[in-house]
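Heavy-atom basis, side chains included; hydrogens, waters and symmetry copies ignored. Letters A, B, ... mirror the listed sequences (proteins, then strands); counts begin at 1.
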Amino acid sequence: MEPRTRATPLTRQLESLYRRLLDAYGPQGWWPTPSRAGARGFTERGYHPGEYGGPRAPRERFEIIVGAILTQNTAWTNVEKALTRLREAGIFRPADVLAVPTSRLAGLIRASGYFNQKARKLKGVAALFSADRALAPRAAPTRDELLAQWGVGPETADSILLYAFRVPVFVVDAYTRRLIERVGLDVPTDHYDEIQQAFHGSLSPRHELYNEFHALIVAHAKVHCRAKPVCEGCPVSRCRYRDSHRGNGPRDSARA
DNA sequence: CCCCAGGGAATTC
DNA sequence: GAATTCCATGGG
């Protein structure tokens, strides 16, 4: 299933990319949970860069799971508003989500958009993680268990595995594809699993590395590699894309 | 006014 | 499989 990790040209490209991003933006310490405010190690970003200790506390873990649902195609600032509403309503655990009527749940998460769909999704994951599963510490669910949930696709499943349970799976999102295209990495960008395999086959399977790499890609996408690119001061040297993007590397047609 | 945001499901061909 | 459409708020 897992290809051997070996040094390929792609390995060097990805490691170089990672180092450039880390140098430019610093450790991100994901997952960013608003409830971290006030906790030891709290930073102005609201989370703990550099902490990759033991298993997550159950409530923090569930907050990550909820956030992974709410952030689907949605700006994180709006997710924070919804998470804060949930916390103020005393909703911390799967059982709390199950106890609230779907209509009220939808109202609480209104700011995160798609609230009717997402309320249903939260009910589903709450059921998955409730009952015997709530007994911490619990081993991570399988990827297939997560994917079987309505509203949980590949990215959400992998985000939960990586950030809630520290399983070394690389999370692929729209930013990842955009960066691959603009930097000109020799990685196909059409299928989720293909992209993920490329990373898994080229990087050592360390959850700390996958955690930081994905978080750094998001940070980079918000500052420089936006939909409308801001190339001034871009830390990725081969980032020679133009407004029209596509292509851009030294050689564009080199994919065979 | 427009576009964008850490997707996923359902439909259609 | 590939291409659309829907879901919906909030910020720039």
Can I get a per-line list of side-chain donor-acceptor pairs under 3.5 Å for residues 112-119 of chain A, giving both atom names and the distance, sequence neighbours left out?
| from | atom 1 | to | atom 2 | distance (Å) |
| --- | --- | --- | --- | --- |
| A:Ser112 | OG | A:Ile109 | O | 2.8 |
| A:Tyr114 | OH | A:Asn73 | ND2 | 2.8 |
| A:Lys118 | NZ | A:Leu70 | O | 2.6 |
| A:Lys118 | NZ | A:Gln72 | O | 3.4 |
| A:Lys118 | NZ | A:Thr74 | OG1 | 2.8 |
| A:Lys118 | NZ | A:Ser112 | O | 3.0 |

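- A:Tyr192 meets the side chain to side chain donor-acceptor pair (under 3.5 Å) test with A:Asp158; sequence neighbours excluded.
- Closest approach to the A:Trp150 side chain among B:dG7, B:dA9, B:dA5 is made by B:dA9 (side chain taken as heavy atoms from C-beta onward).
- Counting non-hydrogen atoms under 4.0 angstrom, A:Lys118 reaches nothing in the nucleic acid.
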Review item, side-chain donor-acceptor pairs of residues 147-155 of chain A, under 3.5 Å, at least two apart:
none

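- Look at A:Arg178 and you'll find a side-chain N or O under 4.0 angstrom from OP1 or OP2 of B:dA5.
- Residue-level contact check: A:Gln117 touches the bases, meaning some heavy atom is under 4.0 Å from a base atom.
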Give every donor-acceptor pair under 3.5 Å between a side-chain atom in residues 89-108 of chain A and any protein atom, sequence neighbours left out.
| from | atom 1 | to | atom 2 | distance (Å) |
| --- | --- | --- | --- | --- |
| A:Arg93 | NE | A:Asp96 | OD1 | 3.4 |
| A:Arg93 | NE | A:Asp96 | OD2 | 3.2 |
| A:Arg93 | NH2 | A:Asp96 | OD1 | 2.8 |
| A:Asp96 | OD2 | A:Phe92 | N | 2.9 |
| A:Asp96 | OD2 | A:Arg93 | N | 2.8 |

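- Using atom P as the reference point in both B:dA10 and C:dA8, the two lie 14 Å apart (nearest Å).
- Here A:Arg120 lies out of heavy-atom contact (under 4.0 Å) with every strand.
- Heavy atoms of A:Val171 sit nowhere under 4.0 angstrom from any nucleic acid atom.
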Candidate pair A:Glu181 and A:Arg178, rule side-chain contact (heavy atoms from CB on, under 4.5 Å), full reasoning: CA-CA 5 Å; A:Glu181 289 181 1; A:Arg178 184 193 293 168; 5.8 Å; no

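- Phosphate contact (OP1/OP2 of B:dG8, side-chain N/O of A:Thr156, threshold under 4.0 Å): present.
- Rounded to whole Å, the distance from NE2 on A:His214 to P on B:dG7 is 9 Å.
- Of the two residues near DNA chain C, A:Thr74 and A:Thr77, the one whose nearest nucleotide lies more 5' is A:Thr74.
- The nucleotide range of DNA chain C contacted by chain A, defined by atoms under 4.0 angstrom from heavy atoms of the protein and reported 5' to 3', is C:dA2 to C:dG11.
- Within the structure, salt bridge (Lys or Arg N to Asp or Glu O under 4.0 Å) pairs that include any residue of residues 191-203 of chain A comprise A:Arg143-A:Asp193 (at least two apart or interchain).
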